[in-house]
Participant: 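Supplied in structure tokens, the structure appears directly below.
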Amino acid sequence: MTTIGAHPPRYVGAAGQPTVDSWQEGPHNRWTFAHLGEMLPTASVTRHFPAAPAAATERLDALAVPGLSQRLEESYTDAFLVLHRNNVIAEYYRPGFAPDDLHLVMSISKSMCGLVVGALVDSGDIVTSDRVVHYVPELAGSAYDGPTIQHVLDMAIHLNYSEDYMDPASEVQTHDRSSGWRTRRDGDPQDTYEFLTTLTGNGTVGRFQYCSANTDVLAWIIERVTGLRYSEALSKYLWSKLDADRDATITVDSSGFGFANGGVSCTARDLARVGRLMLDGGVGPAGRVVSEGWVRSILAGGDREAMADASFTGIHPQGSYTRQWWCTGNERGNVTGIGIYGQYLWIDPATDTVVVQLSTWPEPDSGHLHELQNQLLLDVSRSLDQPLASQEIPTEETAQESKETAA
Ligand SMILES: NCCCCCC(=O)NCCCCCC(=O)O
């Protein structure tokens, strides 16, 4: 249990926090029996068995992209979807993966968190020029003592934090262990909140440094200004506005803190709805999420001078990062959420299209696979530059038929 600060209780009226040893007892059980997945690992017992067709579900004919099916396989794709205007014009699911299966989206979770911050900036609850410690005084003395919310949003803070996913000595692995993603070691922080207070830096701001901790700081600020747990805030300010097919999930740590930087799972179709609201000026089917101005700032791109990620600029020389989104700076104005192991939420304003690609690369970060997927996403976008009017675009209904055929 964390000893710092006051965090939103897991349930209203909570007397202390339920733990893995106390969850069965009253009064905690009033809440835990209905939220067991937040206390113990759980497995889904699916409504349909077998849950997914043994063959791939493929509906790609509307796209004039040579070798698309093979390229999806080569990039370890589990789910691929093209939402052109309001029509799903192409979809692919690998054998064993169903359209309504949830998929971990890793750091695309960050882009969702950025939208929640945007909503709270719009409402005046967060001011981007305010210092982080104005909201979370517990971070005084850490690397976050000085930087503003905008610095955190744009990942423009120097941190002694290695984001080397494969290095057991890296801070990102300590972060994982503190957040329940890996086995804790003696001396590790008790939870994510405590981990964030331990981070140091050289005190400089203004240069891009990709750091997953930044997003969890944003989530802490969101909790502080809303009084909600991050998982609840994500629902209230984003997910509930999407008319989503399914609930999303987010992993939580031992204190119930949602892993904002990488813990969201959802379906490909629901993820496309997040992209759709970006193209619709911040409005979802069930209401406005964020102002048009916030979305426009993302689509306009961030500070190219600040960008210092050679892997990204190797592919997108005019690239930048702002408000938790990657901005390619290319002639099409593509922006994207990106997650390790091959997750992309790709926005193509030029053709009013969202492309989702959810993969499971054998390794977290691969220059070769990033290039393959970026080229594929660009080819798909460019293929839509020609009007599709002359083609028979399959609708969602025909998608259903094609699923049944595949099954
Ligand atoms: N440790 C918990 C989850 C961390 C998720 C990190 C993640 O998904 N990062 C995405 C990095 C994208 C890099 C893109 C690029 O450099 O081209």
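The chain is numbered in sequence order, starting from 1. When a ligand or atom number is given, it counts from 1 through the structure's own listing order.
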Participant: Are D125 and Y135 close enough, and set up right, to give a side chain to side chain contact (heavy atoms under 4.5 Å, CB included), and what steps lead you there?
Facilitator: CA-CA 10 Å; D125 291 296; Y135 300 94; over 6 Å; no
Participant: Looking only at N/O atoms, are D365 and ligand 1 under 3.5 Å apart anywhere?
Facilitator: no
Participant: What protein heavy atom lies closest to atom 7 (C) of ligand 1? Include the residue and the distance to one decimal.
Facilitator: S107 OG, 2.4 Å
Participant: Would you mind running through ligand 1 and noting each atom that sits below 4.0 Å from a heavy atom of F259?
Facilitator: 2 (C)
Participant: Output the list of atoms in ligand 1 that are nearer than 4.0 Å to some heavy atom of S311, sorted by atom number.
Facilitator: 15 (C), 16 (O), 17 (O)
Participant: Can you check whether I340 has an N/O within less than 3.5 Å of an N/O in ligand 1?
Facilitator: yes
Participant: Can you check whether Y210 has an N/O within less than 3.5 Å of an N/O in ligand 1?
Facilitator: yes
Participant: Below 3.5 angstrom, do we get any N/O pair linking N261 and ligand 1?
Facilitator: no
Participant: Just grab all the side chain to side chain donor-acceptor pair (under 3.5 Å) pairs involving residues 293-309, residues at least two apart or on different chains.
Facilitator: R304-Q318
Participant: For the pair R382 and E331, evaluate salt bridge (Lys or Arg N to Asp or Glu O under 4.0 Å) and give the outcome as yes or no after the intermediate values.
Facilitator: CA-CA 11 Å; R382 287 179 185 137; E331 74 292 350; 3.7 Å; yes
Participant: Within the supplied structure, the quantity of interest is the number of heavy atoms (other residues, nucleotides, ligands) at a distance under 6.0 Å from R184 CZ; does it exceed 12?
Facilitator: yes
Participant: At a 4.0 Å threshold, what atoms of ligand 1 neighbour a non-hydrogen atom of D309?
Facilitator: 16 (O)
Participant: Out of curiosity, is W326 lining ligand 1, as in a heavy atom under 4.0 Å away?
Facilitator: yes
Participant: Within the supplied structure, the quantity of interest is the number of heavy atoms (other residues, nucleotides, ligands) at a distance under 6.0 Å from R246 CZ; does it exceed 12?
Facilitator: yes
Participant: Heavy-atom count check: over 12 atoms from other residues, nucleotides or ligands less than 6.0 Å from D167 CG?
Facilitator: yes
Participant: Any side-chain donor-acceptor pair under 3.5 Å between D176 and S179?
Facilitator: no
Participant: Is the centre of the H370 ring less than 6.0 Å from the centre of the W361 ring?
Facilitator: yes
Participant: Flag W181 as yes when one of its N or O atoms lies below 3.5 Å from any N or O atom of ligand 1, and as no otherwise.
Facilitator: no
Participant: With heavy-atom distances below 4.0 Å as the criterion, list the atoms of ligand 1 near I338.
Facilitator: 10 (C), 12 (C)
Participant: Short list, please: which atoms of ligand 1 are under 4.0 Å from a heavy atom of D176?
Facilitator: 1 (N), 2 (C)
